[in-house]
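Working notes, structure below.
Numbers here simply count residues along the sequence, with the first being 1. Just so it is clear, the model here is predicted, and its values are computed rather than measured.
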Amino acid sequence: MKKIVMLALIGLMAQLIDGSLGMAYGVTSTTLLLVVGFSPALASASVHLSEVVTSAVSGYSHLKFGNVDMKTVKKLVIPGAIGAFLGAAFLSYIPSTFIKPYISLFLLGLGFYVLFRFLLIKVNVNIETDFTESTAKRRMYQPLGLIAGFMDATGGGGWGPITTPILLTQKNLSPSKAIGSVNFSEFAVSLSASIGFFLFIGWETMLWQVVVAMMLGGIIAAPFAAWLVQKLKPALLGVLAGGLIIITNLRTILNEFYSLDLFTEISALLPLLILWGIMIFFAVRKKA
């Protein structure tokens, strides 16, 4: 029972972060599942299956709050779904003992990116109702969706961290609409990845109690996160998510390559926690 509650809390926390930032559901929950012993393929499959439901609820919530730009969604959703299916196929045929440390390296990089993106960069978005996209910018969405979908399926996260920052640079999208559009389109990406995992690793390998617990946590958090995106400082949630991702994946990497458990090495863990605390302090004080 305690494990089910813990998994539900993982789903709740991950969806709260994702719905507020437009990223980090997959990378946060996959990171924590890898820490408790899941193989990369099973962790990613579990995350994407739970995300089919949570992203549907999150997308609907963002739509109701007016945070979705359907033109942007239409450009991203098909290449994103194709990339996710291909990523699921790729991950399913790679031995877990070989790929796990490299997935953690990818997730670690995303963690640093999340910290950098939300702590150090100030995003200014000017809404221009007469803005017309160039052909180059329209074409950009196809490779963006394909790459983000592929990385999302192989790493258990990547759709939001790759697509959200790009959308935040678009002059015709407010931050809330960029984040809402990413969350809305994520349903198709998660569904496509889940179909790929079912075909290549099979239904019988799924741990359904894990999936259902994470679904419940995500469903509870999704409507609140859609509201929170308009109220809370993105920098604070970004630093919280990024720090968690970095520390947990750093533990996996040190354990796999050097047989060192970071959580038992207080002399190494304590400076990281202090640095994380300083970043949280600056995130709280950040004006934009």
Side-chain angles (χ1 to χ4, degrees), residues 10-30 47-81 83-84 110 113-114 117-118 123 125 141 144-145 147-149 151-153 155-170 172-194 214-234 237-238 240-242 245:
I10 290 174
L12 187 149
M13 180 178 64
Q15 184 56 52
L16 184 64
I17 294 168
D18 186 84
S20 303
L21 296 179
M23 65 176 70
Y25 179 91
V27 66
T28 302
S29 49
T30 300
V47 167
H48 281 91
L49 185 56
S50 64
E51 206 170 9
V52 170
V53 175
T54 59
S55 63
V57 176
S58 178
Y60 177 76
S61 300
H62 277 290
L63 186 65
K64 295 297 287 185
F65 278 99
N67 297 338
V68 178
D69 180 72
M70 292 306 297
K71 290 183 179 179
T72 300
V73 170
K74 290 176 181 177
K75 295 168 189 172
L76 285 174
V77 70
I78 294 178
L110 287 182
Y113 179 80
V114 170
R117 182 69 184 83
F118 287 95
V123 179
V125 181
Y141 286 98
L144 173 64
I147 293 169
M151 297 307 294
D152 190 81
W159 177 252
I162 293 172
T163 56
T164 300
I166 300 298
L167 294 188
L168 285 172
T169 67
Q170 303 305 297
N172 63 328
L173 288 178
S174 66
S176 61
K177 284 207 170 185
I179 291 169
S181 299
V182 168
N183 273 265
F184 191 85
S185 58
E186 197 165 16
F187 168 76
V189 175
S190 301
L191 180 61
S192 180
S194 296
M214 292 181 63
M215 279 183 184
L216 291 176
I219 288 170
I220 293 170
F224 180 63
W227 170 82
L228 195 65
V229 70
Q230 300 176 328
K231 305 294 181 182
L232 203 61
K233 286 185 177 180
L237 280 174
L240 290 172
I245 293 162

Shortest non-hydrogen contact from [X] toward [Y]:
X	Y	answer
A153	A84	CB-O, 3.2 Å
A81	S192	O-OG, 2.5 Å
A148	T163	CB-CG2, 3.6 Å
L76	W159	O-CH2, 3.8 Å
V77	S185	CG2-O, 4.2 Å

Revision key, fill the gap. Here the gap from K71 atom NZ to S181 atom OG, rounded to the nearest 0.5 Å, amounts to 12.0 Å

**Study point:** Gap between atom CG of D152 and atom CD of E186 - 0.5 Å precision
**Key:** 6.0 Å

With sequence neighbours excluded, residues passing side chain to side chain contact (heavy atoms under 4.5 Å, CB included) with [X]:
X	answer
L191	V52, F187, I195
L63	V68, F184
S50	Y25, V211, M214, M215

